[in-house]
Structures are given as structure tokens and as C-alpha cells.
2 protein chains.
Amino acid sequence: MAVSRGASKQAVWDAASALFAEQGYANTSVRDIAARASVDPALVIRHYGTKERLFLETMLAADGEVVRFDGPIEALGESIVRFVLDTHSSVSSTYLALIRASDSGGVGSALRATHEAEFVAPLLEHLQGPQREERARLVAAMVGGLMYSLWIVGDQELLRADPERLVALYAPALQGLITPHSAGG
Amino acid sequence: MAVSRGASKQAVWDAASALFAEQGYANTSVRDIAARASVDPALVIRHYGTKERLFLETMLAADGEVVRFDGPIEALGESIVRFVLDTHSSVSSTYLALIRASDSGGVGSALRATHEAEFVAPLLEHLQGPQREERARLVAAMVGGLMYSLWIVGDQELLRADPERLVALYAPALQGLITPHSAGG
DNA sequence: GTCTATACGACGATAGAC
DNA sequence: GTCTATCGTCGTATAGAC
């Protein structure tokens with residue numbers, strides 16, 4: 001991204017982004033990153049301080065738009081579910097890596113902040129009526145549940161199922177929290 | 001549990017169960033376990049082969065009943081949500097540890113198997129009507145979403161919210177998949 | 001058979017020479 | 001700014017003492 005970075009620092013960044021997304025935090029060593037960047041292992045630390053900081057910087061910069069919240073409010077549930085089911089692996093693997101590393105120091109609070117910024121806050125903007133706060137957070141939980149089953153557990157039956165069927169079954173649940181007053185459907 | 005085990009093996013088991021649940025897989029070293037069990041570190045490996053095997057054995061033995069699926073079918077959604085919200089840390093931390101370590105070799109498939117045995121299978125027993133399979137798996141996803149928001153992300157607002165309110169908002173979504181034909185309520 | 005001592009290679013990280 | 005050398009810790013294997 002930033003061109004002002006030195007060549008080796010940029011190479012480390014690129015290598016780290018790719019490896020963390022591919023193999024996760026625990027399975028990626030500083031020496032792996034250095035090798036992929038054709039750089040001395042000590043340089044990785046020298047540039048970014050710790051492995052965890054490098055992880056957080058690359059992952060948070062990479063996680064563009066886990067879910068999109070646009071379209072008419074009456075169809076927002078459907079739009080969200082469809083988006084998650086269509087999401088390609090680059091975004092999901094970034095989020096996955098964050099979740100799995102969330103017992104390591106600052107990663108947990110970074111996950112919390114990302115969850116708040118990427119899910120809860122945009123949802124809150126669209127919701128109206130009583131208990132907006134709780135409803136937004138529970139919709140976020142439903143989205144998280146879909147990611148949990150699909151990407152963390154890797155539920156093969158869900159992954160193989162007809163997406164339209166899943167949308168038809170799951171979206172009304174989200175929609176019921178998004179627009180609780182209307183009849184939906 | 002099994003009394004036939006030698007004293008030291010049992011001590012290792014107890015120490016590992018406690019430490020893994022308290023601090024997770026990555027933050028618990030074999031030497032930590034050995035120290036807590038007042039035993040030589042090499043003995044831990046000698047008894048259980050690898051750290052991962054010890055982790056899997058203790059976690060899978062400990063995860064009694066993450067969710068209970070009893071009561072009348074028309075109130076099953078409510079019963080499930082209430083159970084998750086009431087769950088104390090011993091069960092949840094076990095499940096948490098499994099999820100976070102699920103990028104390490106056999107832990108992923110163990111998580112998948114546990115998810116299948118603890119959530120999907122019991123649900124399938126209770127569901128009737130069309131698309132039982134998808135509906136059961138999506139209910140499991142909703143439960144997973146609640147666990148994700150409460151325990152992994154640690155959504156403070158949800159944790160502080162009135163449980164009855166959350167039940168009132170979230171349970172109908174589960175119930176809509178459990179008994180899609182009836183009016184619910 | 002149960003356990004201890006010791007060692008190996010890989011890890012994240014640091015200090016200091018070029 | 002980059003590399004060398006090194007530290008302490010990790011998971012794990014093995015030889016052999018009780």
C-alpha cells in the first residue's frame with residue numbers, strides 16, 4: 001500500500017499478509033515470513049516490533065468489508081445472508097485468523113473493535129424502533145453464527161446446500177430483528 | 001475419572017484440564033502442566049504422546065452438554081437460548097478453547113465432530129417437516145452465533161443486557177426454524 | 001513399569017557489529 | 001538499514017535410574 005515504505009519492509013508486509021491468511025497466526029513463523037520475503041528473520045521483528053503487531057497490522061488493513069449493508073431495509077436480511085454465502089476466501093480467512101488468535105493479548109480487543117466497526121455500527125445506522133441496540137447486536141450474532149458454521153466448523157452440508165434455500169430459511173430470522181414491526185416475508 | 005490410571009497420569013490430566021480451560025491451548029505449555037501436576041515435563045509427553053492429543057482428550061471428555069434440547073417442542077427455541085445465556089464458564093471455556101485451536105491439525109475435525117454430535121444430531125431428532133437437515137444446521141449456526149458474540153467477541157452490551165429481553169428477541173428466530181409451520185409466539 | 005535427566009531443533013526476540 | 005550471534009522457551013525424543 002504505502003509506497004514510502006522501504007523495499008524490504010514492504011516485502012515483509014506482503015509475505016506476512018499472504019501467510020497469515022493462508023495458514024493462520026499459530027502456523028506461521030517469523031522465519032517463514034522472512035524466507036518468503038527473502039529477508040533476514042531479525043529484520044521482520046526489527047521492522048514491526050513483534051509477530052503479534054505485524055499480524056494485527058496486516059489483518060486489520062486487509063479486512064475490507066466483511067459484510068455489506070446496503071439495499072432496501074425490507075430486504076436487508078436477505079442481502080446480508082446472500083453476501084456472507086458469496087464471500088470469497090480472502091476476506092473470510094482474514095476474519096478466521098483473527099478469531100482463532102483471539103486468545104493472544106491484543107488480538108482479542110482488535111477482534112472486538114472490528115466486530116463493532118464492521119457489524120454492529122453499520123447495522124445500528126439502519127435500524128429504528130425500540131431496542132435498536134440489542135437487535136443490532138443480535139443480528140450481528142446471527143451473521144457471526146453463519147461464519148462460525150461455514151468457516152470455522154466447516155459444516156459440509158451447509159457448504160454444499162443450495163444457497164437460495166439457505167437464504168430463504170435464514171434471512172427471515174435476521175429480517176425479523178431488522179424490521180420487527182412489519183409482517184416481513 | 002478412570003481410577004485405573006496411575007497417580008501421575010491422573011495428576012497430569014487434572015492439571016491439563018484446568019489449564020487448557022483457563023488459558024487456552026496456545027497459552028498453556030507442557031511445562032506449565034507438568035509444574036502444576038508436580039511432575040517431570042517429559043512425563044506429560046510420555047503419558048499422552050503429544051500436547052495436542054492431551055488437549056483433545058481432556059477437552060472432549062470435559063465438554064458435557066453445551067446445550068440442552070429438552071422441553072416441549074413449541075418452546076425449544078426459548079429453552080435453548082436461555083440455556084446458552086445461563087451457561088457457566090467451565091463449559092463455555094472448553095468450547096472456546098476448541099474453537100481457537102481449530103487450526104491445529106486434528107483439533108479442527110474434533111470441533112466438527114463435536115458440533116455435529118452436540119448440536120446438529122440432537123436437533124435433528126426433534127425436528128420434523130421439510131428441509132429438516134438444513135433447518136437443524138441453521139439453528140446450530142444461530143446457537144454458534146450467540147456463543148461467538150458472547151464468548152469469543154465478548155460483546156459487553158449483550159453480556160450486560162437483560163437476559164429476558166434477549167430471549168424474547170432471539171428465541172423466535174430459532175423457533176421459526178424449529179417449527180416453521182406453526183404461528184409460534 | 002514409573003519416572004528423571006538431558007538433549008535436540010525450532011521458536012520469538014534482543015544486542016550489537018557492519 | 002541490514003546481518004550475525006545469541007538468549008530463553010517451546011514441544012518432543014531417548015537413555016537409563018529407581
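Computed from heavy atoms alone, side chains included, the values below leave out hydrogens, waters and symmetry copies. Proteins come first, then strands; the chains are lettered A, B, ... in the order of their sequence lines, and each starts at number 1. As the structure is a prediction and not an experimental result, all values here were calculated from the model.
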Please list each protein N or O that sits under 3.5 Å from an N or O in nucleotides 2-10 of chain D, with the distance.
residue : atom : partner : partner atom : Å
D:dT2   : OP2  : A:Ser8  : OG           : 2.9

For residues 15-25 of chain A, tabulate all N or O donor-acceptor pairs below 3.5 Å that involve a side-chain atom, not counting sequence neighbours.
residue : atom : partner : partner atom : Å
A:Ser17 : OG   : A:Trp13 : O            : 2.9

**OP:** Please state how far atom CD1 in B:Ile45 lies from atom C1' in C:dA5, giving the value in whole angstrom units.
**Re:** 16 Å
Original post:
Can you list every pair that meets salt bridge (charged side-chain N to carboxylate O under 4.0 Å, His left out) and has a residue in residues 108-117 of chain B, with sequence neighbours left out?
Top reply: B:Glu116-B:Arg137
**OP:** Taking side chain to side chain donor-acceptor pair (under 3.5 Å) as the test, write out the residues that go with A:Ser79, two or more places apart.
**Re:** none
Original post:
Rounded to whole angstrom units, what separation is found between the CZ atom of A:Phe55 and the P atom of C:dG12?
Top reply: 13 Å
Original post:
In chain order, what residues pass the ring pair (Phe, Tyr, Trp, His ring centres under 6.0 Å) check against A:Tyr148, with sequence neighbours excluded?
Top reply: B:His115
Got a list of side-chain donor-acceptor pairs under 3.5 Å for residues 138-146 of chain B, not counting sequence neighbours?
none

